[in-house]
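Notes for the one structure printed next.
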Amino acid sequence: MTVKDILAAIQSPDSTSEDFAALPLPESYRAITVHKDETEMFAGLATRDKDPRKSIHLDEVPLPELGPGEALVAVMASSVNYNSVWTSIFEPLSTFGFLERYGRTSELAKRHDLPYHIIGSDLAGVVLRTGPGVNAWRPGDEVVAHCLSVELESSDGHNDTMLDPEQRIWGFETNFGGLAEIALVKSNQLMPKPDHLSWEEAAAPGLVNSTAYRQLVSRNGAAMKQGDNVLIWGASGGLGSYATQFALAGGANPICVVSSPQKAEICRSMGAEAIIDRNAEGYKFWKDENTQDPKEWKRFGKRIRELTGGEDIDIVFEHPGRETFGASVFVTRKGGTITTCASTSGYMHEYDNRYLWMSLKRIIGSHFANYREAWEANRLIAKGKIHPTLSKVYSLEDTGQAAYDVHRNLHQGKVGVLCMAPEEGLGVRDHAKRAQHIDAINRFRNV
Ligand SMILES: C/C=C/C(=O)SCCNC(=O)CCNC(=O)[C@H](O)C(C)(C)COP(=O)(O)OP(=O)(O)OC[C@H]1O[C@@H](n2cnc3c(N)ncnc32)[C@H](O)[C@@H]1OP(=O)(O)O
Ligand SMILES: NC(=O)C1=CN([C@@H]2O[C@H](COP(=O)(O)OP(=O)(O)OC[C@H]3O[C@@H](n4cnc5c(N)ncnc54)[C@H](OP(=O)(O)O)[C@@H]3O)[C@@H](O)[C@H]2O)C=CC1
C-alpha cells in the first residue's frame with residue numbers, strides 16, 4: 001500500500017468510511033524535516049542570513065505508531081507558519097530540546113524524540129485511522145487540524161486549555177507535523193474542513209486565524225468591541241490579515257501598518273481605510289541598537305490621530321516585538337490594551353513604563369488559542385465570515401523556498417503547501433457557498 005492508493009481513495013467520490021478503514025497504511029511517507037545533527041549549521045550567522053532552504057529536507061520517514069485518543073490524517077495541504085521558520089533556523093532554541101523534554105514525559109511521548117523533526121502546524125486532509133477512545137471522528141472524514149496539543153491531566157488547564165502545564169504546539173514542540181503526506185494529531189485537534197474551500201485554502205487560516213481570534217476578540221485577549229481603534233502591525237501578513245478581518249467584521253476601526261503600497265492596497269481591498277506604510281513614512285523608533293527615539297513614537301501617534309480624527313489606539317495587535325513595542329505602548333490610549341503574541345524582531349522589549357502606569361494601560365500576553373477558541377475561529381471560516389488569505393502555493397519539494405519567502409518577508413498573507421494534493425483547487429464540496437465569497441477567497445492570490 002502506498003500514498004498513491006490513499007490519494008486514489010480520497011479522489012474517488014464513491015469511497016466510504018469503511019473503504020478508508022480497510023485501506024492498509026503505508027510503512028513510510030514523505031515529510032518535511034529538520035535534522036538534529038544540523039542544529040549548529042548556521043552558527044555565527046545573523047538571523048537574516050540563516051537560510052531555511054539549507055536546513056529543510058524532504059525525507060521518507062516511517063509511519064509512527066497510533067496511540068489512544070489520536071488520529072492519523074492523510075494531509076492534502078498544509079501552510080507555512082513562522083514557527084516553522086524559527087525551527088528551520090534553530091532560533092531562539094533548537095526545537096529538538098522540546099522533543100527531548102516531551103519524550104521524557106511518558107512512554108507514548110517517547111515516539112516524538114527522534115533525530116529528525118517533522119514540522120508544520122496546519123493541515124487539511126482526510127482521517128485515515130483513529131486510536132482507541134476516539135468516537136467523534138471516523139476514517140474518511142474531511143478535516144482541518146488546529147495545533148493545540150495538551151494532555152489535560154492537570155486541573156490548571158481545565159478552564160482554559162492553553163493553561164495546561166503540558167501545552168505544546170503540534171509540529172513545533174511535538175513531532176509528526178502537517179508538512180507531510182501523513183500527520184499524527186490528537187483527535188481533539190480535529191475540526192470539520194470548511195466545505196466551500198479547496199484543500200490548500202482550508203489549510204491556510206488555522207494557526208494564525210485562531211491566534212488572532214484569541215489575541216483580539218476573545219475575553220482571554222483584548223475583548224475587542226465595536227468602534228475600537230485597533231492598531232494592527234503587519235496587517236497583510238499571516239496574523240495581521242486575520243486581525244484586520246476580525247476588526248472589520250466586529251465593527252472596529254483597524255489602523256493597518258504595512259511596508260509597501262502593494263500591501264496597503266490589499267488592506268484597502270479588505271475594507272480598511274486607515275493605512276500606514278511604515279516604509280514610505282520612514283519611522284525609525286530606534287536611534288541605534290540601544291536607544292529609542294520618543295520623537296518618532298510621537299510622529300507615529302500624530303499620524304494615527306490624523307487617520308482617526310484625533311483618537312488614540314484602544315488595542316494594539318503586537319507581534320514585531322523589540323522594534324515596535326515602545327511605540328505600541330506610547331500610542332495606546334488611557335486604559336487601552338497592548339496584546340502581544342510574539343517578538344519577531346527581538347524578544348527583549350523596552351518601553352517607557354511611565355506611559356503604561358500613569359495612563360493605566362495593560363499588556364496582555366497571548367499564545368495560540370484554547371480548544372474552544374480554535375473551534376470558534378474555524379466556524380467563522382466555515383460560515384464565510386472570515387476568509388483564507390492564501391497568496392502563493394508551493395509543492396512539498398519546494399517547502400524550503402516557501403519558508404525562505406516568509407523568513408525574508410517576501411510573501412503576502414499565507415503561503416500554502418500541497419502535500420498529497422496533486423494540484424490546486426481540489427476538495428471543494430459546496431460550490432454555491434464558494435461562489436458567494438469567491439472574490440474574498442481570492443483576494444490575496446498571486447498579488
Ligand atoms: C502557535 C505558534 C506560535 C509561535 O509561532 S510562537 C513563536 C515561536 N516560539 C518561540 O520563539 C518560543 C520558543 N520557546 C522558548 O524560547 C522557551 O521555551 C521559553 C523561553 C518560553 C521557556 O524556556 P525554558 O527553558 O523552556 O524554560 P525556563 O523557564 O527558562 O527554564 C526552565 C527551568 O527554570 C525553572 N523555573 C521556571 N520558572 C521558575 C521560577 N518561577 N522560579 C525558579 N525557577 C523556575 C524550571 O523549573 C526549570 O528548571 P530545570 O531546568 O532545573 O528543570
Ligand atoms: N504566539 C502565537 O500563538 C503565535 C505567534 N506567532 C508569531 O508571530 C510573528 C508573526 O507571525 P505571522 O504574522 O504569521 O508572520 P508574517 O511574516 O506572515 O507577518 C508578519 C508581518 O509583520 C510585519 N513585520 C515584520 N517585522 C516587522 C518589524 N520589525 N516592524 C514592523 N512590522 C514588522 C511584516 O509586515 P510589513 O512588512 O507589511 O509591515 C510581516 O509581514 C512570528 O514571530 C510568529 O512566530 C504567529 C502565530 C501564533
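Both counts, for ligands and for their atoms, begin at 1 and track the order of listing.
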Inset, instruction - Kindly confirm or rule out an N or O of Pro320 lying under 3.5 angstrom from an N or O of ligand 2. - result: no

Inset, instruction - Scan side-chain atoms only and decide if Thr33 and His35 contain a donor-acceptor pair under the 3.5 Å cut-off. - result: yes

Inset, instruction - Working to the nearest 0.5 Å, report the span between CD1 of Ile119 and CD1 of Ile56. - result: 4.5 Å

Legend entry - Polar contact flag, side-chain donor to acceptor under 3.5 angstrom, Ser121-Asn81: no

Legend entry - Trp297 six-ring centre to Lys302 NZ/CZ under 6.0 Å and within 45° of normal: no

Inset, instruction - Quick one: which residue pairs count as a salt bridge (Lys or Arg N to Asp or Glu O under 4.0 Å) with a foot in residues 251-265, not counting sequence neighbours? - result: Glu265-Arg268

Inset, instruction - State if His411 counts as touching ligand 2 under the rule of any non-hydrogen atom under 4.0 Å. - result: yes

Inset, instruction - Check ligand 2 against Thr324 and write out every atom of the ligand that is under 4.0 Å from a heavy-atom position of the residue. - result: 30 (N), 31 (C)

Inset, instruction - For residues Ser88 and Phe42, report the shortest heavy-atom separation together with the two atoms involved. - result: O-CE1, 3.3 Å

Legend entry - His57 vs Glu38, side chain to side chain donor-acceptor pair (under 3.5 Å): CA-CA, chis, key distance, verdict: CA-CA 11 Å; His57 303 277; Glu38 291 183 349; 2.8 Å; yes

Inset, instruction - Would you mind listing which atoms of ligand 2 come within a distance below 4.0 Å of any non-hydrogen atom of Val258? - result: 38 (O), 39 (O)

Inset, instruction - Tell me, please, which residues at least two apart from Leu58 pass side chain to side chain contact (heavy atoms under 4.5 Å, CB included). - result: Arg30, Ile32, Leu396, Glu397

With the criterion set at N/O pairs under 3.5 Å, what does the list of contacts between the protein and ligand 1 look like, atom names and distances included?
residue	atom	partner	partner atom	Å
ligand 1	26 (O)	Arg101	NH1	3.0
ligand 1	26 (O)	Arg101	NH2	3.1

Legend entry - Distance-only side-chain donor-acceptor flag, Glu296 / Trp286, under 3.5 Å: no

Inset, instruction - Please confirm whether Asn81 comes under 4.0 Å of ligand 2, counting heavy atoms of the residue only. - result: no

Inset, instruction - May I ask which of Gln215, Arg278, Arg214, His407 has a heavy atom nearer to atom 26 (N) of ligand 2 than the others do? - result: Arg278

Inset, instruction - Would you mind finding which of Ser328, Ala212, Ser210, Gly234 brings a heavy atom closest to atom 21 (C) of ligand 2? - result: Gly234

Inset, instruction - Give yes or no for whether the N/O distance cutoff of 3.5 Å, strictly under, is met between Thr344 and ligand 2. - result: yes

Ignoring hydrogens and angles, write down the donor-acceptor pairs under 3.5 Å from the side chains of residues 217-225, residues two or more places apart or on other chains.
residue	atom	partner	partner atom	Å
Ser218	OG	Asn220	N	2.9
Ser218	OG	Glu373	OE2	2.7
Asn220	ND2	Glu373	OE2	2.8
Lys225	NZ	Asp228	OD1	2.8

